[in-house]
Amino acid sequence: MFQNRIENVSRRGVLRGLGVTAGLVLAVPVMSRRSVAAYSTGADKMPHGTVNDPKVFVSIAPDGVITIIAARSEMGTGVRTSLPMIVADEMEANWDKVKVQQAPGDEVKYGNQDTDGSRSTRHFLIPMRQVGASARTMLEGAAAKRWNVPVSEVKAANHEVIHVGTGQKLGYGELAEDAALQPVPDVATLRLKDPKDFRYMGKGQIGIVDLHDITTGKAMYGIDTRLPGMKYAVIARPPVTGGKVVSFDPTEALKVSGVEQVIQVQGWPWPSKFQPLGGVAVIARNTGAAIKGRDALKIVWDDGPNASYDSVAYRRELEEASRKPGEVVRNNGDVDTALKSAAKVIVGEYYLPHLAHASMETPVATAHVADGKAEVWAPVQSPQGARDDIAKTLGISAENVTVNVTLLGGGFGRKSKCDFVLEAVLLSKAVGAPVKVQWTREDDIHNDFVHTVSAERIEAGLDKSGKVIAWRHRSVAPTIMSTFAAGAKHQAPFELGMGLVDLPFDIPNIRCENPEAAAYTRIGWFRSVSNIPRAFAVQTMVAEIAHATGRDQKEMLLEIIGPARIVDIGPTVKDFWDYGEPVSSYPIDAGRLRRVVELVAEKGQWGRQVPKGHGLGIAVHRSFVSYIATIVEVSVDGKGKLTIPRVDTAIDCGTFVNPERIQSQVEGAAIMGLSLAKYGEVTFKNGRVVQNNFDGFKLARIDEGPMVTNVHIMPSGPDVPPSGAGEPGLPPFAPALCNAIFAATGKRIRSLPIGKQLQSA
Amino acid sequence: MITLTVNGHEQHWDGDPSLPLLWFIRDEMGLTGTKFGCGHGFCGSCTVHLEGVAVRSCSTTLTEAAGKRITTIEGLDPNGNHPVQKAWREVNVPQCGYCQSGQIMQASSLIAHNPHPSHEEIREAMAGNICRCGCYQRIENAVHLATTGA
């Protein structure tokens with residue numbers, strides 16, 4: 001039950017339960033949440049579902065300027081533009097007269113705000129269309145009343161309402177006050193626009209709302225909050241997860257110019273969920289002084305239960321576990337017999353290490369706690385989650401907590417966890433002044449909620465003709481559940497559903513197993529989560545089979561996917577998790593999977609002649625209910641240096657709102673994919689993270705990025721439900737790159753990062 | 001007492017002379033367009049101009065900045081219409097946008113000294129600036145656009 005719940009109610013439900021009082025829901029007139037589209041989504045299963053009340057999201061000033069509320073967090077996906085754009089389009093507003101205002105954390109009012117899981121467009125396209133259509137209907141009703149004509153004779157367009165018969169016009173500003181008095185229409189009677197009449201949706205011609213501010217340095221991120229009397233803090237945290245302060249000497253720190261106080265910060269026992277790790281804080285008049293003061297602290301730590309965590313030894317444990325049977329999480333046919341009878345068995349053992357999120361803006365938050373109330377300004381992906389945790393930590397009610405959501409300088413899942421916000425709250429309370437807590441890059445790398453570490457072992461059995469008849473995939477990795485529950489050793493359904501049990505292949509005998517893995521540090525969501533190791537293992541294995549049978553990678557891939565069909569894995573998997581969506585709306589569609597392979601092969605000119613030392617690789621993966629295929633061309637020189645002349649990616653994310661931002665997400669995924677493939681690795685020794693900063697945890701730079709990344713978006717009809725775009729670009733990149741490296745060099749990469757593996761090739 | 005000029009205005013500092021310029025600009029002056037990324041000059045988020053040349057403000061002390069002319073993103077152009085800024089908007093470069101002040105300050109320094117860089121020179125000059133969102137292709141195109149108007 002416990003595990004089932006987390007995927008449905010998101011990252012947050014587990015730790016806070018559903019504690020917000022149900023009575024509050026009635027405080028806002030929430031209309032029917034049934035969508036009028038031909039599909040349903042998992043939105044209703046998220047805490048507080050969706051809200052589609054125009055009075056919550058839209059206000060119109062007398063001058064006609066429309067303010068639209070953005071309730072989801074902006075971390076670079078463009079959601080702060082895309083969702084308001086949907087409202088504006090439906091209400092026939094002119095975009096140049098629209099302002100976007102960010103909502104504070106308040107899910108009762110705005111619906112779910114947990115910005116993760118690539119859910120925003122998928123869950124809010126229809127509610128936001130309903131908001132816009134409702135507002136339009138109310139404006140039309142107000143104009144008809146003013147003119148004393150039937151509403152059928154008036155029509156909204158271009159920020160005004162026109163009387164069709166006489167050509168009279170009333171601007172939205174002139175109608176604003178009367179429109180607010182109109183009844184909010186019943187959602188069942190709403191007329192949504194015909195998609196052919198969309199002005200903004202699907203066009204990709206609107207820049208992001210923060211573009212000018214970003215390019216002039218005016219955009220406000222979490223780090224940019226400034227309050228009168230604010231103090232600056234950095235914290236020395238336990239270097240080992242679960243460790244704590246034994247004693248500390250602040251003498252030298254207090255001598256540093258600008259340092260004002262040194263105080264201990266409360267920590268929570270491991271597993272600490274999203275609560276702070278504790279440590280010693282240095283409070284100063286500026287961040288530089290606080291950092292210098294911290295350097296001068298003397299602290300004695302008790303390293304606690306994870307002091308022997310060692311990545312080299314742990315890798316061996318994972319790999320050994322992957323060679324023995326584990327808990328069966330999917331079973332079709334009889335894999336054991338099929339593998340025994342196979343003419344050929346190919347075994348692939350793949351390893352992918354921990355990763356740090358390393359958003360360019362490190363965790364940072366500003367809090368002001370006074371008079372029994374708390375107000376924070378923070379770059380959070382889960383503002384209501386932060387609000388509830390602050391209330392619980394301070395022992396006050398959530399109504400006394402305000403969480404102002406700034407822009408996020410990157411999130412990637414890290415900023416779903418509000419430990420850094422709670423630190424600021426605790427320190428503000430202790431100091432009696434507003435406090436900004438700044439994490440340094442070292443803090444970020446040392447004390448992250450790291451991406452899991454995986455051993456993935458696949459055995460594929462082929463018959464005499466080379467057809468794959470058996471597939472056994474064992475996936476061993478510490479689970480995110482371990483951050484919430486001591487001793488959790490098995491992957492939860494939401495992790496198993498990311499590329500393991502949802503295998504869309506046409507193979508008669510399939511078994512997926514999940515051997516145990518204990519966790520020794522905080523494991524958390526990282527962009528695309530378990531899809532990273534699964535896509536790498538599965539898509540590398542397909543290429544290995546193609547090579548072993550002398551087949552073309554793409555042809556092998558299409559054969560193994562099999563004919564276009566809906567893949568019904570339901571009966572073979574207990575608690576199958578389809579990204580929290582109803583399978584009826586979002587089935588595993590082998591046809592769509594095939595089509596992105598075919599599209600990328602066509603547009604990316606699969607099979608083209610490439611120069612000597614170059615190679616092409618392909619990979620496809622379904623994640624966040626979207627379908628994505630990538631072709632990478634790589635060249636590898638004699639010293640093992642990689643150059644990437646070209647990347648092509650095809651994405652089918654159903655009906656889409658902002659193709660320009662889908663393109664940017666996919667372009668960016670290629671860079672993040674390159675970073676994790678080439679360099680990405682957080683390792684532990686004596687319980688401590690070995691890497692410190694960008695010298696150790698390296699990221700791809702512009703001069704090693706692809707020369708060109710082409711993004712091909714699958715056109716799809718308005719009735720195809722929207723699906724994710726923020727995360728799905730990432731999983732196929734690394735296997736496509738490594739398959740290309742094999743084509744170029746004959747060197748098979750089975751362990752990431754690539755690091756120096758090609759130097760010995 | 002250290003005196004320096006930031007965006008044309010004289011500033012004074014009588015605190016710790018080893019304070020990184022970054023924190024003076026951000027916390028003491030309140031100009032928050034310049035960002036913290038790594039603190040050691042690895043990522044370029046904190047890039048400003050010192051005497052017209054791109055430097056990492058996180059690794060430049062106030063002693064080193066003394067008597068010097070500093071320009072931050074806020075001072076690059078009075079209306080935010082430096083050719084690099086305009087090109088950035090034309091190409092829709094940013095995703096989260098956090099590193100972009102540093103990228104723009106690096107790019108504007110590049111073209112001030114090399115008005116017509118090749119793609120190779122752009123990639124080389126911008127390689128000290130990390131973008132975790134991965135806007136590199138657009139950064140390269142925007143710098144090229146800023147220098148060619150095409």
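Keep in mind the model is a prediction, meaning the values are calculated, not measured. Quick note on labels: first sequence line is chain A, next is B, and so on, each numbered from 1.
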| query | What part of A358(A) is in contact with chain B, defined as an atom under 4.5 angstrom from a non-hydrogen atom: side chain, backbone, both or neither? | reply | both

| Qualifying residue, where the test is side chain to side chain donor-acceptor pair (under 3.5 Å) with N692(A) and the options are R441(A), H446(A), E442(A) | H446(A)

| task | Under 4.5 Å heavy-atom distance to chain B, tell me which part of S675(A) shows up: side chain, backbone, both or neither. | result | side chain

| request: Provide the closest heavy-atom pair for I73(B) versus I104(B) in the form atom of the first, atom of the second, distance. | output: CD1-CG2, 3.8 Å

| message | If you compare all heavy atoms of G41(B) against all heavy atoms of C58(B), which two are closest, and at what distance to 0.1 Å? | response | N-SG, 3.3 Å

| message | Heavy-atom cut-off 4.5 Å, strictly under: side chain, backbone, both or neither for M360(A) against chain B? | response | both

| side chain to side chain contact (heavy atoms under 4.5 Å, CB included) partner of F733(A), chosen from L674(A), T649(A), L676(A), V666(A) | L674(A)

| task | Could you look at A670(A) and say if it's the side chain, the backbone, both or neither that has a heavy atom under 4.5 Å from chain B? | result | neither

| task | Counting only heavy atoms closer than 4.5 Å, note whether R661(A) contacts chain B via side chain, backbone, both or neither. | result | side chain

| message | If you define the side chain from C-beta out and look only at heavy atoms, does anything of I671(A) sit under 4.5 Å from P706(A)? | response | yes

| task | First locate atom CD of Q106(B), then atom CE of M126(B), and finally report the distance between them rounded to the nearest 0.5 Å. | result | 5.5 Å

| Partner chain B: residue of I214(A), D703(A), I702(A) with the largest heavy-atom pair count (under 4.5 Å) | I702(A)

| How long is the gap from CG on N658(A) to NZ on K203(A), to the nearest 0.5 Å? | 12.5 Å

| So F420(A) and W439(A), would you call those rings parallel, tilted or perpendicular, with 30° and 60° as cut-offs? | perpendicular

| query | Of the listed residues (L211(A), T362(A), D213(A)), which shares the most heavy-atom pairs with chain B below a 4.5 Å separation? | reply | L211(A)

| message | Between I130(B), D16(B), L19(B), V84(B), who has the most heavy-atom pairs with chain A when the cutoff is under 4.5 Å? | response | I130(B)

| task | Using non-hydrogen atoms and a 4.5 Å limit, figure out which bit of N79(B) sits close to chain A: side chain, backbone, both or neither. | result | backbone

Distance-only donor-acceptor pairs under 3.5 Å for side chains of residues 222-236 of chain A, two or more places apart:
residue : atom : partner : partner atom : Å
D224(A) : OD1  : R26(B)  : NH1          : 3.0
D224(A) : OD1  : R26(B)  : NH2          : 3.0
D224(A) : OD1  : K35(B)  : NZ           : 3.1
D224(A) : OD2  : Y221(A) : N            : 3.0
D224(A) : OD2  : K35(B)  : NZ           : 2.6
T225(A) : OG1  : G222(A) : O            : 3.4
R226(A) : NH1  : Y232(A) : OH           : 3.3
R226(A) : NH1  : R26(B)  : O            : 2.9
R226(A) : NH1  : D27(B)  : O            : 3.1
K231(A) : NZ   : E260(A) : OE1          : 3.0

| request: Could you check which of C133(B), C99(B), S101(B) has the highest count of heavy-atom pairs closer than 4.5 Å to chain A? | output: C133(B)

| Which atoms of I445(A) approach chain B - backbone, side chain, both or neither, heavy atom under 4.5 Å | neither

| Using non-hydrogen atoms only, which part of T34(B) is less than 4.5 Å away from chain A: side chain, backbone, both, or neither? | neither

| Who among R89(B), Q85(B), Q103(B), Q100(B) has the most heavy-atom pairs with chain A under 4.5 Å? | R89(B)

| field | With V708(A), the side chain to side chain contact (heavy atoms under 4.5 Å, CB included) member among E667(A), E633(A), R646(A) | value | R646(A)

| note | Under 4.5 Å to a heavy atom of chain B? For Q438(A) that would be side chain

| field | Most contacts with chain A, counted as non-hydrogen pairs under 4.5 angstrom, among A127(B), G33(B), G80(B) | value | A127(B)

| query | Considering only heavy atoms, which portion of H357(A) lies under 4.5 Å from any heavy atom of chain B: side chain, backbone, both, or neither? | reply | backbone

